[in-house]
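For the single chain, residues carry numbers from 1 onward in sequence order.
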Amino acid sequence: MKKDSSSSSSSSQGSEDTQEKTPVYVASFSLPVAVKEDPKTKKIEASARPGGLGIAVNAALPKDGPYELKRWVGINPNYKKEDGGVDTEKQERVNQAFLDGDTHNFKFAYVSEEVRDALYTKAANQLIYPMVLQLDDKIDPAATLAGYEAGNKALADELISTIKEDNNGEVPKDTMIWVHDYQILSVPKYIKEEAPEAKVGFFMHTPFPEIEPENLITTEQEYFKTALENVIQADNLQFHTEQFKQDFLKTLKNFEIVKTPEELQAVAAKVEVNPIGIPKEALQKMTNERFNEVMTDKVRQQDIVVSESPSRKKDKFVKTGTKGEDPMDDYVLVTKNFDQSPLHEAVEDKMKEWVKLKGPDDNKGTLKVDPKMINIGSVGRFDYTKGLQEQLKGFQMLLNMAKQKGIRHPEEHYRMHVVASPPRPIKEDQKYAAEAKEIMDEIMQQYPDSINLIPFVPNEELPIFNAAMDIHIAPSKSDGFLISAGEAFVSRNMAIEQGLLGKSLEPSALVLSTGAGMARSLEKEQVPAVSIIKPRATSVANALLKQSTEIQAQRGQLGPLQDTRGFDKIPSQVNSTQEYGLKALTAITPGAARKAASITKRPRRESQKQDRKESSKRQKVHA
């Protein structure tokens, strides 16, 4: 049996590496892994796939930290045999493959396809999600919580079973469980029913505005109230911003889940603000690995220049004589004579690979990333909350404004590169994706080759794409944090620092929506390179015009550029993922959970006495 956190924290003998870590169990609807079976050998392979939740949780549990990711359980539909029966043998092989590989001990809770569809497609994404975002037109009146509750209970049961497997048939007192997001709001309730002394933390990754019952029909009021009652059984609840926290507490009052100031105080004591941040160290490591690959490839392809000479206009590398482990330590990049940077050349080669993964028809424009142009990058998915349509319409307005100013071919000055993964299997996203592609087609007819639609970029290759973009745009209508924007400016800044862009310093910009949680962090200090806007097409167009004009002006200056307009200051203003995770996990340690639980409502007799005093005072004032 593992030690609880109190025994782990009290131990002071031995080094940090030899101290036993506190095990943490994680629950989420989906897992950040992809599973493939070889049709011939039947061998199961599990590999990590991109996603903000996976990045956040893994970065929050570093190898040198006090907590250990013991098991991470998610939901998967049953694997089927050819005769339609459940393939339990394959399900066990998949779970075993997680244990045998490098996928951090993941595990599936298997449910029927009907339950999974009722939970994810209907209840989570056509009922709860649009309720939370206050998008009434996206709510499906036929959706219920039946499959939602069944799926949540199945996940909680599998989690409890897994904990018992690891601990000789028991759930140790104070076991720490970390539950994530709106798809599984009811999991805390079902965990507490089976293991009341387990310490459960819940993190809400989406925004949470104040919700009033009168804005929902009767059945929706009932469903949403049930979900709220279930989630507050967690020992700790965390949100991205103070506004989300306060609106959550107001919503509990509106639904009469808390009826007195004392009850509200008891719940508020375990609700915290903890913005998710970006995994800076992990991103910097991954980015450096990609950059080293690019640089090493270019050393092989180009002549190595021993000395810099004005007559050698195509000189690209200078030998320094320094000896180091990295093959590039012997060379320094000469950037002032570059017509094309090695990074831009590399990203064009990579794009050809990425587009092939989905087929040539997915690409709407050209694969070129010309460093003389303004390259606008966007990373996301076809999701009606991501503002992709507004982004495209704003880009079209930018091109139109440029043409009105006398630029005959604006598409030769501006290019948008859109990495958009497939929509979720819900009708609203499917419709949104089709409409977005129609907008792209319209823009491309007017301005050929002005847009690249890139359907897939492997997560480990994203730094190459992000670093080559001059402006990163993320106009989400509503987003808890928006980790993709954080990834983008870390990679871009590293490319600037390492001189990979063809100039010693390259001006850059970020266009970010007020709907993103990250915007709260960046509003603390005005940075010229950041435009925080409303998620509207006109706002997008004006921000792109402002930032691109500034970039073009700086590129035209004589001599080397002097600064990056504050773009390099952005990471220091945003929390790191590791800080987020340590705070979240510390909050569900036994001591913290018991401290919150100790704040209880006043005894009924004392409350009535206080009410009579206040009533007497009011009567005297009135008299």
Side-chain angles (χ1 to χ4, degrees), residues 24-63 68-113 116-117 120 151 154-155 158-159 161-162 165-166 180 183 279 282-283 285-287 289-290 293 350 352-359 362 379 381 419 421-422 424-425 454-465 483 487:
V24 177
Y25 292 83
V26 175
S28 62
F29 173 76
S30 60
L31 295 179
V33 289
V35 178
K36 291 183 180 179
E37 181 183 37
D38 187 302
K40 294 182 180 179
T41 65
K42 299 299 180 182
K43 182 180 179 181
I44 302 290
E45 290 188 357
S47 58
R49 61 178 175 81
L53 179 58
I55 291 171
V57 173
N58 286 323
L61 292 159
K63 292 181 180 179
E68 172 194 14
L69 176 55
K70 186 65 177 176
R71 300 296 292 274
W72 186 341
V73 183
I75 291 177
N76 200 61
N78 289 321
Y79 290 111
K80 296 290 187 69
K81 297 179 180 178
E82 291 184 1
D83 62 6
V86 177
D87 192 343
T88 54
E89 187 270 337
K90 180 178 179 180
Q91 292 179 177
E92 286 301 316
R93 286 193 295 117
V94 169
N95 281 339
Q96 187 59 44
F98 288 145
L99 288 171
D100 294 340
D102 297 323
T103 42
H104 302 290
N105 292 350
F106 291 115
K107 190 177 186 182
F108 280 134
Y110 293 101
V111 298
S112 69
E113 290 183 4
R116 185 190 183 280
D117 182 61
Y120 182 75
L155 178 55
E158 187 65 42
L159 193 63
S161 174
T162 300
E165 287 175 11
D166 294 340
H180 291 268
Q183 301 96 338
L283 279 171
K285 181 176 182 296
M286 184 168 67
T287 301
E289 290 173 354
R290 299 291 82 77
E293 289 175 7
K350 294 290 185 183
K352 293 173 185 175
E353 298 174 12
W354 302 333
V355 172
K356 281 180 183 177
L357 292 173
K358 293 289 182 178
D362 286 305
V379 178
R381 69 168 182 262
V419 179
S421 56
R424 295 171 296 175
I454 307 162
F456 176 74
V457 175
N459 191 52
E460 65 274 10
E461 300 286 359
L462 266 176
I464 300 293
F465 173 84
I483 200 169
E487 293 177 318

Closest approach of [X] and [Y], non-hydrogen atoms and distance?
X	Y	value
Ala27	Leu155	CB-CD2, 4.4 Å
Pro279	Ile483	CD-CD1, 3.8 Å
Pro463	Met286	CG-CE, 4.0 Å
Trp354	Phe456	CB-O, 3.1 Å
Asp87	Lys80	CB-C, 4.0 Å
Val73	Leu31	C-CD2, 3.8 Å

Can you list everything that forms a side-chain hydrogen bond (donor to acceptor under 3.5 Å, both in side chains) with Lys40? Sequence neighbours excluded, please.
none

Side chain to side chain contact (heavy atoms under 4.5 Å, CB included) between Phe29 and Leu53, worked out
CA-CA 11 Å; Phe29 173 76; Leu53 179 58; over 6 Å; no

[X] side-chain N/O to [Y] backbone N/O, donor-acceptor pair under 3.5 Å:
X	Y	result
Arg290	Glu460	yes
Asp117	Glu113	no
Arg71	Asn105	yes
Asp362	Val355	no

Kindly compute the distance separating [atom1] ([X]) from [atom2] ([Y]), expressed to the nearest 0.5 Å.
X	Y	atom1	atom2	value
Arg116	Ser30	CZ	OG	8.0 Å
Tyr110	Glu158	OH	CD	9.0 Å
Ser421	Ile454	OG	CD1	12.5 Å
Tyr25	Leu69	OH	CG	10.0 Å

For the pair Glu165 and Lys107, find out whether any cationic side-chain nitrogen is under 4.0 Å from an anionic carboxylate oxygen.
yes

Gln91 vs Val86, side chain to side chain contact (heavy atoms under 4.5 Å, CB included): CA-CA, chis, key distance, verdict:
CA-CA 9 Å; Gln91 292 179 177; Val86 177; 3.5 Å; yes

Output, in order, the C-alpha distance, side-chain angles, deciding distance and verdict of ring pair (Phe, Tyr, Trp, His ring centres under 6.0 Å) for Phe106 and Trp72.
CA-CA 5 Å; Phe106 291 115; Trp72 186 341; 5.2 Å; yes

Taking it one step at a time, do Ile75 and Gln183 satisfy side chain to side chain contact (heavy atoms under 4.5 Å, CB included)?
CA-CA 10 Å; Ile75 291 177; Gln183 301 96 338; over 6 Å; no

For side chain to side chain contact (heavy atoms under 4.5 Å, CB included), just list the numbers for Ile44 and Phe98, CA-CA rounded to whole Å, side-chain angles, deciding distance to a tenth of an Å, and then say yes or no.
CA-CA 9 Å; Ile44 302 290; Phe98 288 145; over 6 Å; no

Salt bridge (Lys or Arg N to Asp or Glu O under 4.0 Å) pairs, two or more places apart, involving residues 27-37:
Glu37-Lys90, Glu37-Arg93

